[in-house]
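Residue numbers start at 1 and run along the sequence shown.
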Amino acid sequence: MHYSLHGDSVSGAVWRSGLPARLDAFGGPPGSIAERLHQLGIRSAAGAPIVVQGRLWGVMVAAWRQYQPATGIEDRIAQFTELVATAISNAQARADLAASRARVVAASDGDATTDRA
């Protein structure tokens, strides 16, 4: 299922600003994340962007129904998302390196075949 980022939601706020966000009330048009959070009885949420190679890759959000989280929780989530972004970047670099090695081996094999002909 897909939800829009219209209305008041942490995901929408992070997407628009690129910064950590916290909200203690939600509201939005039908089909929005904000509307769904309100329907689920979410009272508070905080989140932070996952930025990989200078681009917004995603957002990590924590939500609460029963109580409000501690002040500054969005900054703690931001510290964690920095680690997540590093892991994603490292995985991408390893995948790129493996693909590059495969191309070099394939090119080398092609040269060896050409030399035999």
Side-chain angles (χ1 to χ4, degrees):
M1 176 161 273
H2 297 278
Y3 295 101
S4 79
L5 294 175
H6 295 12
D8 296 324
S9 71
V10 170
S11 298
V14 169
W15 180 72
R16 287 186 288 276
S17 71
L19 301 171
R22 174 187 173 147
L23 291 173
D24 295 317
F26 305 93
S32 68
I33 291 173
E35 177 199 38
R36 185 67 180 137
L37 293 173
H38 181 74
Q39 290 172 347
L40 292 171
I42 302 298
R43 295 180 63 190
S44 294
I50 300 171
V51 178
V52 177
Q53 297 177 348
R55 293 182 46 214
L56 181 62
W57 187 88
V59 61
M60 182 171 290
V61 177
W64 295 264
R65 287 184 183 177
Q66 301 298 321
Y67 65 95
Q68 291 186 339
T71 302
I73 190 71
E74 61 275 20
D75 295 325
R76 292 165 128 183
I77 295 170
Q79 291 172 352
F80 183 73
T81 61
E82 288 176 15
L83 295 174
V84 171
T86 298
I88 292 167
S89 184
N90 288 343
Q92 182 61 53
R94 281 192 301 274
D96 292 347
L97 181 59
S100 176
R101 285 180 180 162
R103 286 190 302 273
V104 168
V105 168
S108 176
D109 288 348
D111 289 346
T113 304
T114 304
D115 290 343
R116 286 187 215 141

Hey, is the main chain of G31 close enough, under 3.5 Å, to the side chain of E35 for a donor-acceptor pair?
yes

May I ask whether L83 and L19 are part of the same hydrophobic cluster, defined by side-chain heavy atoms of I, L, V, M, F, W, Y residues being less than 4.5 angstrom apart, directly or through others?
no

Taking every non-hydrogen atom, the tightest pair across I42 and R65
CD1-CG, 3.9 Å

Nearest 0.5 Å, what's the OG-CZ distance between S44 and R22?
5.5 Å

With the threshold set at 4.0 Å, does a side-chain nitrogen-carboxylate oxygen contact exist between R94 and D96?
no

Do I50 and V59 come within less than 4.5 Å of each other through their side chains, counting heavy atoms only?
no

Checking the side chain of R43 only, and the main-chain atoms of Q66 only, is there a donor and an acceptor separated by less than 3.5 Å?
yes

Any donor-acceptor pair under 3.5 Å from T81 side chain to A78 backbone
yes

P49 and G18 have their tightest heavy-atom pair at CG-O, 3.3 Å

So, R16 side chain and L5 main chain: donor-acceptor pair closer than 3.5 Å or not?
yes

What's the shortest heavy-atom distance between V84 and M60, and which atoms?
CG2-CE, 4.0 Å

What residues form a salt bridge (Lys or Arg N to Asp or Glu O under 4.0 Å) with R36, not counting sequence neighbours?
none

Closest contact, heavy atoms only, I33 versus Y3
CG1-CB, 3.4 Å

Return the CG to CG distance between D24 and D8, rounded to the nearest 0.5 Å.
11.5 Å

Starting from the C-alpha separation in whole Å, work towards a yes-or-no answer on side-chain contact (heavy atoms from CB on, under 4.5 Å) for R76 and I73.
CA-CA 5 Å; R76 292 165 128 183; I73 190 71; 4.0 Å; yes

If hydrophobic clusters are built by linking Ile, Leu, Val, Met, Phe, Trp and Tyr wherever their side-chain heavy atoms come under 4.5 Å apart, do V104 and L97 end up in the same one?
no

Minimum-distance pair of heavy atoms, taken over all atoms of L23 and S9:
CD1-C, 3.3 Å

Pairwise side-chain contact, W57 with V51, heavy-atom cut-off 4.5 Å (strictly under):
no

Those residues at least two apart in sequence (or on a different chain) that pass salt bridge (Lys or Arg N to Asp or Glu O under 4.0 Å) with D75 are none

Give a yes or no on whether the backbone of A13 and the side-chain of S17 come within a donor-acceptor separation of less than 3.5 Å.
yes

Nearest non-hydrogen partners of P29 and H6, listed with the distance
CG-CB, 3.8 Å

